[in-house]
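Structure provided below as structure tokens; questions to follow.
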Amino acid sequence: MPLRSTSSAYLRHAGDLVGNPGQQAAYDSRGHCVVLAGPGSGKTKTLVLKLARILAEDVRAPRGVACITYSQECARELTRRLEALGLRDAPNLFVGTVHGFCLRHILMPYARLAGLAVPYPLSLATTRQTDSAFKQVAERLLGAGQPYKAHDMGKYRRIHLDRHAPDWESDPDLARITEGYEAALRRGGLIDFDDLVIFGNRLVSDHDWVLPAIQARWPVLAVDEYQDLGVPLHRIVERLAFEGGVRLFAVGDADQSVYGFAGADGALLLELAQRDDVEAVQLQLNYRSAGRIIRASELALGEARGYQPHDPRRQAVIEFTERPGGLEDQAAYVVERLIPAALAAKPGRALGDIAILYRAASVGDVFADSLTAAGYDYIRVDNAAPYKKVGLTSWIEDCAAWCAGGWRTGRPQLAGLISRWIGFRSGRPSELESRRMARALTSFLSGHRADEGAAAPFVSAIRRTLVDPLTANDRSLADQREQVRRMSEALAEGGKLEGLDLKSLGGRDGSPTHINLLTLHSAKGCEYDVVIMVGMDMGAMPWRRETEDELRESRRLFYVGLTRARDAVHMLYSGWIPGRYGAQRLGRSPFVEELEERLAAAEE
Ligand SMILES: Nc1ncnc2c1ncn2[C@@H]1O[C@H](COP(=O)(O)OP(=O)(O)OP(=O)(O)O)[C@@H](O)[C@H]1O
């Protein structure tokens, strides 16, 4: 089976960039390039076309291009867009998360050679193992009821990279918890996700010989959503690009930086763009949203960015609605009024063009119940989802989509599923092994094509036949194996997804017949005709007692929500929120308050 990582289809689409000087400049760039741009400005589109061009014109196999991003969802979106251009994962095209890149292409090939003090073979702890190690260590050191959460430690580890620097002790409790936690994992022969990046950084920082080795394999590194990266990744990128000769193409928007709580810092992107040896490109045109939504989003952000609509004639709806009966009241309004009205407003609009966005996953429960009661199908993406989106669970969903009719339209493409499948195997498989894996998957999928059928037996079968034999002996896939197990559990009798059919499992990533129900964080990178932001009350947006930095991040999250919309935004609130001691009236979100006032003043 030929693995293709070049295609000329990009030439047809490159014509779209001609009228946009920023996009064209990025597409034509020869050295390091950073694209800084607002929402809907075509950053991802430009990135994908640029990758296709580099693969066709600049880089010869077996040298290749690595394209990394922060979350599995963004990686999957990139894969999908590359497939639309006829490109797919191949030995010389890596598309994946930063963690996947650090594991497969930095630590696995070089950690042992460099004598890095990590346990071998590289074994990734499951979420259950990391949660339990954190709890045990924190309680042993500070007693039951200690105030720290695992993500406090995670952020501390990502920000304080040098254990010998004086600021390592800036929070002595977190420093001790981190040291105890890492020691506990090492005793079990394990590393965790943060270790992948922390050790990756140590490897490229302390061992000069690794740089030319990586450059020889990956002469080009592309990074999407750069504002989501934290310090360790930024250091890896700087070292590879500016000392290792790897050519960098990065895109991002500091205004959409919403992972500060996890150590991300939008300022790192701006720092990168200011370097003399980097060509910085700005994109001002927004293709997604109507002009009124663009103006409203700048008012919400409190910054005039000067973004312009691609089509100034498009009209938009922006509505503010109080539903005093709490979230249930808001849910009833959405189901009875907003959804039918949104469908009626534009011919051809489908449920998949509507998204309900909220801050906390618990809000999603209320809306999920109301939608179910009203007979609407939905796709839910948030922390309350029964399993995490990791490489293997996303791949199984895509296999389900192929079996449930995707094979007719080539969406997703079989060859892409095969390349991803082979990519899960650690090390580089021989030609013979690749062919064997391709044959096994093709025969499995062909034998499971069915327009109707339940997802549970499909997932059991793919586990038994393919996934379990692969993951049983590869400890670097332990967490992914755990998430696949959770997927099965959710589909089994009594599970949260009991009765789900194959098509819906495949369509969980976006389908015209399902309303999208997701947290504001999960909505990043997505676009919908109609965005309904619910629970926009003080105490949730922002949370109570936020610091200045946290408030700024909440505002950016609010901005991310607004900027997902093409045609309409609805803001719903009650003026009160449920609390431990009953409901509390704190008023609607100050962001909503400000936005309504500023918009009215601007439109007077
Ligand atoms: N030159 C262009 N001509 C026509 N449509 C375009 C062009 N560039 C981008 N688009 C369209 O604009 C929309 C937004 O593009 P894209 O998703 O790449 O933006 P983005 O900058 O990555 O957005 P965000 O940061 O909000 O996720 C897409 O529907 C895309 O197809």
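When a ligand or atom number is given, it counts from 1 through the structure's own listing order.
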For atom 3 (N) of ligand 1, the protein heavy atom that lies nearest, with its residue and separation: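 Nearest neighbour among protein heavy atoms for atom 3 (N) of ligand 1, to 0.1 Å: Y287 CE2, 3.4 Å.
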Geometric cation-pi criterion, R566 with Y528: 6.0 Å, 45°: no
Atom 26 (O) of ligand 1 - nearest protein heavy atom and its distance: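 For this ligand atom, the closest protein heavy atom is R288 NH1, 2.8 Å.
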Atom indices of ligand 1 within 4.0 angstrom of R564 heavy atoms, with elements: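 Contacts of ligand 1 toward R564, numbered from 1: 24 (P), 26 (O), 27 (O).
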Options R81, Q23, K43, H13, ranked by nearest heavy atom to atom 17 (O) of ligand 1, top entry: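 Selected option, by shortest heavy-atom distance: R81.
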For atom 22 (O) of ligand 1, the protein heavy atom that lies nearest, with its residue and separation: T44 OG1, 2.6 Å
Protein heavy atom at shortest distance from atom 29 (O) of ligand 1: E527 OE2, 2.8 Å
Atoms of ligand 1, numbered as shown, that sit under 4.0 Å from any heavy atom of P39: 25 (O), 26 (O)
Subset of ligand 1 atoms that lie under 4.0 Å from at least one heavy atom of Q256: 25 (O), 26 (O)
Distance flag, aromatic centroids of Y358 and F367, threshold under 6.0 Å: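 No, the ring of F367 stays outside the 6.0 Å limit from the ring of Y358, centre to centre.
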E397 and R76 ion-paired at < 4.0 Å: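 Salt bridge between E397 and R76, a charged N being under 4.0 Å from a carboxylate O: yes.
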Top protein contact for atom 27 (O) of ligand 1, by heavy-atom distance: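 Answer for atom 27 (O) of ligand 1: G525 CA, 3.3 Å.
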T127 versus D479, side-chain donor and acceptor atoms under 3.5 Å: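 Side-chain D/A pair, D479 to T127: present.
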Nitrogen or oxygen of G42 less than 3.5 angstrom from that of ligand 1: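 N/O-N/O distance under 3.5 Å: yes.
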Face-on cation placement of R53 at Y27 ring, 6.0 Å and 45° thresholds: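 Satisfied, under 6.0 Å and within 45°.
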4.0 Å heavy-atom contact, D16 with ligand 1: yes
Distance-only side-chain donor-acceptor flag, Q227 / R556, under 3.5 Å: no
Side chain N516, main chain G352, donor-acceptor under 3.5 Å: yes
Residue portion contacting ligand 1 (non-hydrogen atoms closer than 4.0 Å) for N20: neither
Part of K524 within contact of ligand 1 (heavy atoms, under 4.0 Å): neither
Residue of the set V35, V65, V223 for which side chain to side chain contact (heavy atoms under 4.5 Å, CB included) holds with F249: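 When side chain to side chain contact (heavy atoms under 4.5 Å, CB included) is applied between F249 and each of V35, V65, V223, only V35 qualifies.
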N or O pair under 3.5 Å between E225 and ligand 1: no
Ring center gap for H570 and F320 short of 6.0 angstrom: no
Nearest neighbour in protein (non-hydrogen) for atom 31 (O) of ligand 1: K45 CD, 4.2 Å
Presence of salt bridge, R555 and E546, under 4.0 angstrom: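 The answer is no: the pair does not qualify as a salt bridge.
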